[in-house]
Amino acid sequence: MAVDMKFIEELESRIPKGKVRTRFAPSPTGYMHVGNLRTALYTWLIARHNDGTFILRIEDTDQGRLVEGAVDVIYKTMAECGLTHDEGPDVGGPVGPYVQTERRDLYLPFAQLLVEKGAAYYCFCEKSESEEDSGEFNRAADPCRELSAEEVAANLAAGKPYVIRQRIPTEGTTTFHDVSFGDITVENKTLDDQVLIKRDGLPTYNFANVVDDHLMGITHVVRGSEYLSSAPKYNLLYEAFGWEIPTYVHCSPVMRDAQNKMSKRHGDPSYEDLIAKGYLTNAVLNYVALLGWSPKGELSEQEIFSLEELVDAFDIAGISKSPAIFDIVKLDHFNATYLRALTPEEFARVAEPYIRQSVKNPDIDAAQIAALLQARCEHLTDIPEKVDFFDELPEYDIEFFTNKKSKTNPDICRDMLKAAIPALTSIDSWTNEAVHDALINLAASLEVKNATLMWPVRIAAAGKLVTPGGAVEICHILGKDETLRRLNLGLEKLG
């Protein structure tokens, strides 16, 4: 069967030249795990750092693992993270389509071209589907490797089902270069004749990947180090076609600990999980960037990077071949840093949905509560439990009124509340300053330390030992009527 070279030449004529071109090529199989997000980020940063082109390609040839809605998760995550793509299924581009199953008709001619070149062969043997996908079989025992052209033509004419396998040389070695791992040489006899085209006519992941990367002009390929073992076969394909080999960047895995990779099955968080747990997208991105990469030179000690700063600083030479440990405590630090760096208005905006989970009363100002939280918050999901007392006074123990540092006990607190209630009742304009001045002046007149008065007022107002904000701020936010109601309840509790 003669190969249609005009078809191949037309595809190759569309390949853009002269710029760095990278691609993120996820399979739509569910959530965006941390390793996937890191790959997307690194590929995006390489393109942006070099004023290049970033491509989104959907690799859906493994139909059995597809998850409904997973493509939407990919788009949503990329958009939230600011990882904008220049070409892709939704925006088009010169080398589309950008979904592999929509490209299914272009792979067979390239596989047939390899057959013509002697770098691949038709295999009519019965193999299980798993063997087809993995290529794990005894190459020497495969009789199809030595079929004559006439035998192949006869089998094709008879309609025998087939796969097309890569013909790996039986002698010699193959060497490939990786940015992180350097030159790696393998003996060809250790490599399997992997399947390129399956019986259903779809390409295997490994073949589609190489053809698509070439036809899309990809200059830098970023992927996990688990693909290092496949790289020699990729190289042999590039060499058989006479194509330029891209720069390989294999990233070591993100580990839960020194022994175990992160895994959704073991409860490790995906990007969506981290956002749902109250982490900011920018904090997650910043932390993920440093999982296996470190800046050089004068930036070597810097940890906090905006996305724009990462673009300027990112150099593939800083990618490490050592596995990275995902440290949730370190991520907490990053998240707290980012939360504190927000303007009060920005923090109030992101905090309000979490405040309103507990504080349903519309008369209570969420922005005022947010102002108390910003310096005391590591995760947005901590907020509902911290502020639930604003909506409803919880049950609390009379022992809460005892505090050594403030020099209080129930008897002292009873006297303090008896004095505080009329002092606060007399306030005409219920402002933060007015509440503050009334209580400070009262403590002076009672000749007690401020803390001796503030402690019982805060406990009675909040019903909690630990609160964001002190007595003055809490009373101001609650309003005059609710504050006095709660202080009177506290006085009743104290007898």
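In this text, all values refer to a predicted model and were calculated from it rather than measured experimentally.
With P26 as reference, L56 is the one residue of L37, V71, L56, D60 to meet the side-chain contact (heavy atoms from CB on, under 4.5 Å) rule.
Side-chain atoms of S270 and D273 form a donor-acceptor pair, as typed in the model, at a separation below 3.5 Å. The closest side-chain donor-acceptor pair between E171 and N188, if any, does not fall under 3.5 angstrom. Side-chain N/O atoms of Y287 and N335 include no donor and acceptor closer than 3.5 Å.
For the atom pair K17 NZ and I15 CD1, the distance stands at 4.5 Å (nearest 0.5 Å).
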* Let me see the working for F314 and W293 under ring-ring contact (aromatic ring centres under 6.0 Å, His included), right down to the final yes or no. => CA-CA 9 Å; F314 197 79; W293 171 81; 5.1 Å; yes
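Under the 6.0 Å cut-off for aromatic ring centres, H379 and Y279 qualify, their centroids lying closer than that. Taking the ring centroids of Y234 and F176, they lie at or beyond the 6.0 Å cut-off. Between Y205 and Y227, the ring center distance clears the sub-6.0 Å criterion.
We find that D193 and R167 are not joined by a salt bridge, their nearest charged nitrogen and carboxylate oxygen being 4.0 Å or further apart. Note on R21 versus E87: salt bridge recorded, some NZ/NE/NH1/NH2 to OD/OE distance being below 4.0 Å. We find that K296 and D315 are not joined by a salt bridge, their nearest charged nitrogen and carboxylate oxygen being 4.0 Å or further apart. Salt bridge status for E9 with R14: absent, with no side-chain N to carboxylate O gap under 4.0 Å. One finds no salt bridge joining K277 and D382 here, because no Lys/Arg side-chain nitrogen approaches an Asp/Glu carboxylate oxygen to under 4.0 Å. Of the charged side-chain nitrogens involved, at least one lies within less than 4.0 Å of a carboxylate oxygen, so that D388 and K464 count as a salt-bridged pair. Ion pairing between K19 and D86 fails under the 4.0 Å rule for side-chain N and carboxylate O. Ionic pairing of K6 and E10 is not present here: no N-O contact between side-chain nitrogen and carboxylate oxygen is shorter than 4.0 angstrom.
Between H250 and Y248, the angle of the ring planes lies from 30° to 60°, which puts this pair in the tilted group.
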